[in-house]
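Because the structure is predicted, anything quoted here is derived from the model rather than measured.
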Amino acid sequence: MSMSQHRGSMNQIVDRVADINPTKLGWNLVVGVVRLYELCSQSNPADVYSLEMVLQDEQGDRIHCSIPKGNIVVFKTLIRENGIYSMRNFIVKGNNNLVKTTGHKYKLNFYMKTCVSRLPSDTFHLNPFSYVPFPEIEAMVGMNRIHLLDFIGQVMGKENAQDMVTKSGQQSKCIALYLEDLEQNRMKCTLYGESVDKVISFMDKPENEPVILVAQLFKPHFYLNEVSVQNSLYASRVFFNPDIPDVVSFKNSLMKQGERASQPISHIDRQPQYSVSHELSAGAFPVKTIEEILNMTTETLCWVVGTIVSIEVGATDWFYASCKTCPRKVKENKDRYFCEYCGKVGFNPPLRYRLNVVITDGTGCVNVIIWNQEAKLIMGKPAGDMRDLSKSESINSYPKAFDSLLERKFLFKISVGKKNISTLDQVYNVIKISDDVSLIGMYSSQASSAEIEGADPSVSNLLAISGQTDNESDGIGVAVVSLSKDSVMESNSDIGLETPAKSTGVEFVSNSTIMVGMDSPDVQGSSNKTTRRGAGKRKIE
């Protein structure tokens, strides 16, 4: 049946998806359902909150559509994926979802007057995949026009699957695949959750043909000047060598390229998470002086070279008891603890660092919090061991071992949060830290010449340098879930510290799915001082 015949039978004009706007309710569409999935309650996965659809018309334009919980029973048995329907009467809303399945400015909601009727499958040809070429994906990210998309590529390499912990404290997995399109453009694709098992089971099968991956509704991701793609929690699906015309055509094109069609999938060692020099050379985050940081008006991440001149902690506020599953602070009673965030109950909670210090670079000084992973790197031992070693010392001050940090110079990657900008609170969170002498020297020189040209030589050698450690944050401050339970995730966590002098509340913001991640720390702190060991602030000469 042609579209013109269908219009005649309805005796009504069929609207185009591209034209939908909030000026009326009576939109009349003929669309195919390219994706249908349930959105479940976060507190109760068995409770379906809504049915979500991605609709596509004959012109290939897409729009998101939701069926609220109260109407699910009416439409659940009627609507099927890849079916074609006449749909009329919708509430039109702005497409402001955190995860957008389409690039349409608006989305649709069913309501009590929405009408749906099934149409013959030959009403128009429906292809449920609308592939975006790899170069266009990169361009979309560059123009900040990010929404879920489809793509197709040959699997050329893979990393080993990695265990990870989601922001809700659940155990999960992730795996990275490396894809090529027919023009040999490359793209990294990261899969999380149940999709990982599908990858592993398929890759274990002996195959004498190229492995073609078809991804539906995946999210572009930008990190360290690299564009990649990853699956989202509910909408995304992945297929390996599906029996569809697109894959047959892709394989035929590969065969014409000879050896490439039979090239085996290579194993790729996982890129190190802690690569300070790589991040600095990529230029994703600028090197700043402390004076520049204090004058910032936008939230950002940046590097600074600073010298620790004071330890701003007392006897017990440099550590906290944490959950074994997530890095949140827990309530403890006789070695038994309860985590309000992930609901875990256990015994003997591990200790984590929360080390508040003052750093200077000659242009100013600020308080910074060095969290557990970075503190372990510079102290050489975990917080629990440090507390045990200091039990014989004075109970009125911090462990003597911390004095070894005084007058040491580091590269600090600092998060400038909303509270740092809007209030007088000047406690910043350290996301990464490095004591690499060559990097400190290199970026100290660059910062001096580029940012303080004409300064007094006696001051310039103290100014900001920057280097990087390994945090899990992307170029726009989006936190990425650590692949280990003991990670910098604590600086992105709702720790709720209850120390006598300071408290830091941190909000973990999710961008996605099961995160690798996923989204951006807005870590706050207090500038109140605690008891110090009399080190004070040394004079900068």
Side-chain angles (χ1 to χ4, degrees), residues 32 34-35 54 56 58-62 81-82 103 121-122 124-143 145-161 175-191 195-222 225-231 236-271:
V34 299
R35 187 72 175 100
V54 178
Q56 181 175 303
E58 188 176 21
Q59 288 74 33
D61 295 314
R62 291 182 173 186
E81 264 188 355
N82 300 324
S121 59
D122 62 350
F124 69 87
H125 174 67
L126 175 67
N127 186 345
F129 302 104
S130 179
Y131 303 115
V132 179
F134 290 174
E136 289 187 22
I137 294 176
E138 294 183 353
M140 288 173 60
V141 174
M143 293 184 291
R145 291 165 45 195
I146 298 177
H147 58 80
L148 303 189
L149 45 80
D150 308 336
F151 58 89
I152 184 171
Q154 180 186 6
V155 180
M156 304 297 291
K158 69 180 182 70
E159 298 177 0
N160 289 330
I175 191 170
L177 304 178
Y178 294 84
L179 311 177
E180 276 191 4
D181 61 14
L182 293 174
E183 288 72 40
Q184 298 188 16
N185 298 304
R186 286 220 164 196
M187 183 72 68
K188 180 180 178 180
C189 175
T190 306
L191 300 170
S195 296
V196 177
D197 294 330
K198 188 173 183 178
V199 173
I200 295 173
S201 62
F202 186 86
M203 296 297 180
D204 286 344
K205 298 178 182 179
E207 294 286 344
N208 296 319
E209 60 177 340
V211 176
I212 309 303
L213 179 148
V214 174
Q216 186 178 39
L217 299 176
F218 270 53
K219 180 181 179 181
H221 181 64
F222 182 77
N225 286 345
E226 178 186 53
V227 176
S228 62
V229 284
Q230 60 188 36
N231 63 306
S236 300
R237 286 192 303 189
V238 62
F239 307 87
F240 293 95
N241 288 354
D243 186 16
I244 59 176
D246 300 326
V247 171
V248 174
S249 175
F250 195 100
K251 287 183 177 179
N252 289 339
S253 298
L254 282 180
M255 296 300 179
K256 296 177 183 179
Q257 299 184 25
E259 295 181 359
R260 187 180 166 200
S262 58
Q263 185 173 337
I265 297 174
S266 60
H267 177 269
I268 298 175
D269 290 332
R270 191 169 186 277
Q271 296 298 315

Hey, could you give me the [atom1]/[atom2] distance between [X] and [Y], rounded to the nearest 0.5 Å?
X: I152; Y: F239; atom1: CD1; atom2: CZ; value: 11.5 Å
X: I175; Y: N160; atom1: CD1; atom2: CG; value: 7.5 Å
X: Q56; Y: S130; atom1: CD; atom2: OG; value: 6.0 Å
X: M156; Y: E180; atom1: CE; atom2: CD; value: 4.5 Å
X: L179; Y: F151; atom1: CG; atom2: CZ; value: 6.0 Å
X: S228; Y: L177; atom1: OG; atom2: CG; value: 11.5 Å

For the student: nearest non-hydrogen atoms of [X] and [Y], plus distance:
X: G153; Y: F134; value: CA-CZ, 4.4 Å
X: G32; Y: F124; value: N-CZ, 3.8 Å
X: V229; Y: P220; value: CG1-CA, 4.2 Å
X: G157; Y: I268; value: CA-CD1, 4.0 Å
X: L126; Y: N82; value: CD2-O, 3.7 Å

*More than 12 heavy atoms from other groups under 6.0 Å of CG on D243*: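 Result for CG/D243: open.
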Can you check whether [X] reaches [Y] side chain to side chain, under 4.5 Å on heavy atoms?
X: M140; Y: L149; result: yes
X: D181; Y: M187; result: no
X: L254; Y: I212; result: yes
X: L217; Y: V54; result: yes

*Spell out, as yes or no, whether a donor-acceptor pair under 3.5 Å connects the side chain of S249 to the backbone of P245.*
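It does not hold such a pair.
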*Identified side-chain hydrogen bond (donor to acceptor under 3.5 Å, both in side chains) partner of Y178 from the options Q154, E159, K158*: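 With Y178 as partner, Q154, E159, K158 yield a single side-chain hydrogen bond (donor to acceptor under 3.5 Å, both in side chains), made by E159.
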*ring-ring contact (aromatic ring centres under 6.0 Å, His included) assessment of F250 paired with Y131*: CA-CA 12 Å; F250 195 100; Y131 303 115; 8.9 Å; no
*Testing R237, Q216, R35 for side-chain contact (heavy atoms from CB on, under 4.5 Å) with D150, which one passes?*
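Passing option: Q216.
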*Test V238 against N231 for side chain to side chain contact (heavy atoms under 4.5 Å, CB included), laying out the working first.*
CA-CA 8 Å; V238 62; N231 63 306; over 6 Å; no
*For the residue pair F202 and F240, does the interplanar ring angle fall in the parallel (under 30°), tilted (30 to 60°) or perpendicular (over 60°) class?*
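Answer is parallel, since the angle falls under 30°.
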